[in-house]
Number of protein chains: 2
Amino acid sequence: MSAVPFEKPPTAQEAVLAELRRMLVTGELAPGSPVRQEALAERLGVSRVPLREALKVLEGEGQVVYAAHRGYVVAELSVDDLVEVYRLRELLETEAVRRAVEQLTDDDVAALQAAASEVDVADRTGDVALITAANRRFHFLLFDLAGMPRLTRTLRQLWDATDVYRSVYFAERANRDRIHDEHLALVDALARRDAGAAVAAQDAHRAHSVAAVTAALEARG
Amino acid sequence: MSAVPFEKPPTAQEAVLAELRRMLVTGELAPGSPVRQEALAERLGVSRVPLREALKVLEGEGQVVYAAHRGYVVAELSVDDLVEVYRLRELLETEAVRRAVEQLTDDDVAALQAAASEVDVADRTGDVALITAANRRFHFLLFDLAGMPRLTRTLRQLWDATDVYRSVYFAERANRDRIHDEHLALVDALARRDAGAAVAAQDAHRAHSVAAVTAALEARG
DNA sequence: CTGGTGAATATTGGATCCAATCTGCTACGG
DNA sequence: CCGTAGCAGATTGGATCCAATATTCACCAG
């Protein structure tokens with residue numbers, strides 16, 4: 001009985017949800033495009049039922065919008081929406097960092113350092129999806145340390161909403177280089193339990209991101 | 001063709017969702033109790049499919065928790081959870097008020113005054129459900145004026161999460177009396193475009209609420 | 001008496017089928 | 001030529017049925 005920590009999908013709806021999230025991040029499901037349930041379900045090898053349940057979750061998160069008898073459409077973010085998301089992130093992430101700093105152990109700091117290194121490792125592969133995932137793990141490791149589950153959940157929704165658009169940020173070599181330094185500065189501030197500096201580092205991090213993404217968004221119209 | 005603004009339920013899942021929300025607020029679906037799909041569906045006069053879709057929405061909002069093959073359970077809030085929700089509300093509602101004040105018109109102020117009066121009207125009926133609803137309309141009218149849809153949505157989720165517990169607050173005569181004064185103070189500050197005072201009024205409002213609800217929660221254990 | 005093993009039951013998960021609604025095209029009248 | 005009514009196809013919404021999993025309880029070994 002090899003009790004290997006083997007990943008398995010217990011239900012189809014969860015597998016579908018995970019796959020839909022992936023398709024949203026990669027842009028396979030592009031913003032504004034309608035979701036054809038039958039075709040998508042067939043492609044995923046399931047019936048429409050688990051697909052619809054997964055879509056309901058995404059609807060609750062605002063990733064897709066639903067209209068009765070007209071189905072689901074992949075949510076489209078305007079520049080205003082994007083700016084709003086980043087403003088909310090600022091408010092909530094500031095809280096998260098301040099709380100986390102209060103109860104940060106040395107082990108936590110070490111774990112954060114390790115997570116930051118993982119981002120560098122992913123960076124060297126050049127795979128945008130890997131980088132995005134590693135970056136996310138790093139930041140949410142920190143958020144989780146605040147010990148506020150609802151805060152983490154809300155932040156996850158906000159991050160999810162802009163995942164597609166953030167990819168363009170990671171696609172740029174210059175941005176990826178800057179991330180390394182910014183993460184380093186953040187971990188450094190945390191190691192010193194300097195909440196103010198940590199918040200400042202996060203703010204800078206976000207500011208770069210939002211600037212790049214809005215620029216990209218306005219470019220295409 | 002009488003184009004009467006007649007209420008109609010476009011889909012069963014929406015009707016079910018609305019009914020489930022009502023049952024959650026009234027405690028008909030009590031925190032911690034499992035959701036028996038077949039029985040509940042039959043009681044609502046629908047099959048399990050639309051019920052399950054409605055439950056997925058509530059799951060996304062954290063109103064129920066889901067475990068694969070074990071079903072849904074009505075979410076239970078610990079005191080810590082409750083304190084967290086109120087802290088998040090403080091952060092987000094402060095932002096909402098500050099933004100709203102920036103672009104408040106005289107008509108908006110008048111509408112807020114009217115909404116506050118509605119709360120008084122509901123108050124005189126003594127019906128806790130009516131009071132809760134009127135109170136909610138008043139506050140969200142203000143939040144909406146910030147022009148930040150995601151912020152409003154997040155706040156709605158936070159309010160929903162604690163609706164059941166807030167009922168105990170409104171059940172107390174003394175608390176209801178205080179609400180009138182607090183709303184008056186808030187509208188007054190808004191009419192003067194005094195963001196600081198408005199935020200302070202809201203903070204006081206919340207502080208009373210959280211104190212009452214935590215007390216009630218700790219009392220029963 | 002305790003612990004575990006197995007079958008029986010209850011409950012959830014998913015697929016298929018049918019009904020309801022929407023969309024696009026066509027034809028007709030102005 | 002333009003607008004509209006209506007029909008046909010496409011798509012979603014919901015109900016029923018079956019499969020998969022979990023839970024309960026009886027039974028037995030120790």
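In the text below, chain A, chain B and the rest are named by the order of the sequence lines, each starting its count at 1.
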Any ion pair linking A/Glu28 and A/Arg22 (charged N to carboxylate O, less than 4.0 Å)? yes
Note: A/Asp81-B/Arg150 ion pair, threshold 4.0 Å (strictly below): no
Looking only at heavy atoms, which two atoms of A/Ala116 and A/Val187 are closest? And how far apart? CB-CG2, 4.4 Å
Does anything in residues 30-41 of chain A come within less than 4.0 Å of DNA chain C? Heavy atoms only, and list the residues if so. none
Nucleic acid contacts of residues 63-72 of chain B, taken as heavy-atom distances under 4.0 Å to DNA chain D: B/His69, B/Arg70
Pull out every residue in residues 47-55 of chain A that has a heavy atom closer than 4.0 Å to any atom of DNA chain D, ordered by number, or say none. A/Arg48, A/Arg52
B/Arg176 to B/Phe170, cation-pi by 6.0 Å centre distance and 45° axis angle: no
Pick out which of A/Val168, A/Asp163, A/Val164 makes a side-chain contact (heavy atoms from CB on, under 4.5 Å) with A/Arg166. A/Asp163
Ring pair (Phe, Tyr, Trp, His ring centres under 6.0 Å) with A/Tyr66: which residues, sequence neighbours excluded? A/Tyr72
What's the angle between the local helix axes at either end of the helix from C/dC1-D/dG30 to C/dG30-D/dC1, using five pairs per end and rounding to 10 degrees? 10°
Start and end of chain B contact along DNA chain D [non-hydrogen atoms, under 4.0 Å]: D/dG13 to D/dT23
Quick one: CD on B/Gln63 to CG on B/Leu20, what's the gap to the nearest 0.5 Å? 10.0 Å
What's the separation between atom CD in B/Gln37 and atom CG in B/Leu55, rounded to the nearest 0.5 Å? 6.5 Å
Is the B/His139 ring parallel, tilted or perpendicular to the B/Phe143 ring (thresholds 30°, 60°)? tilted
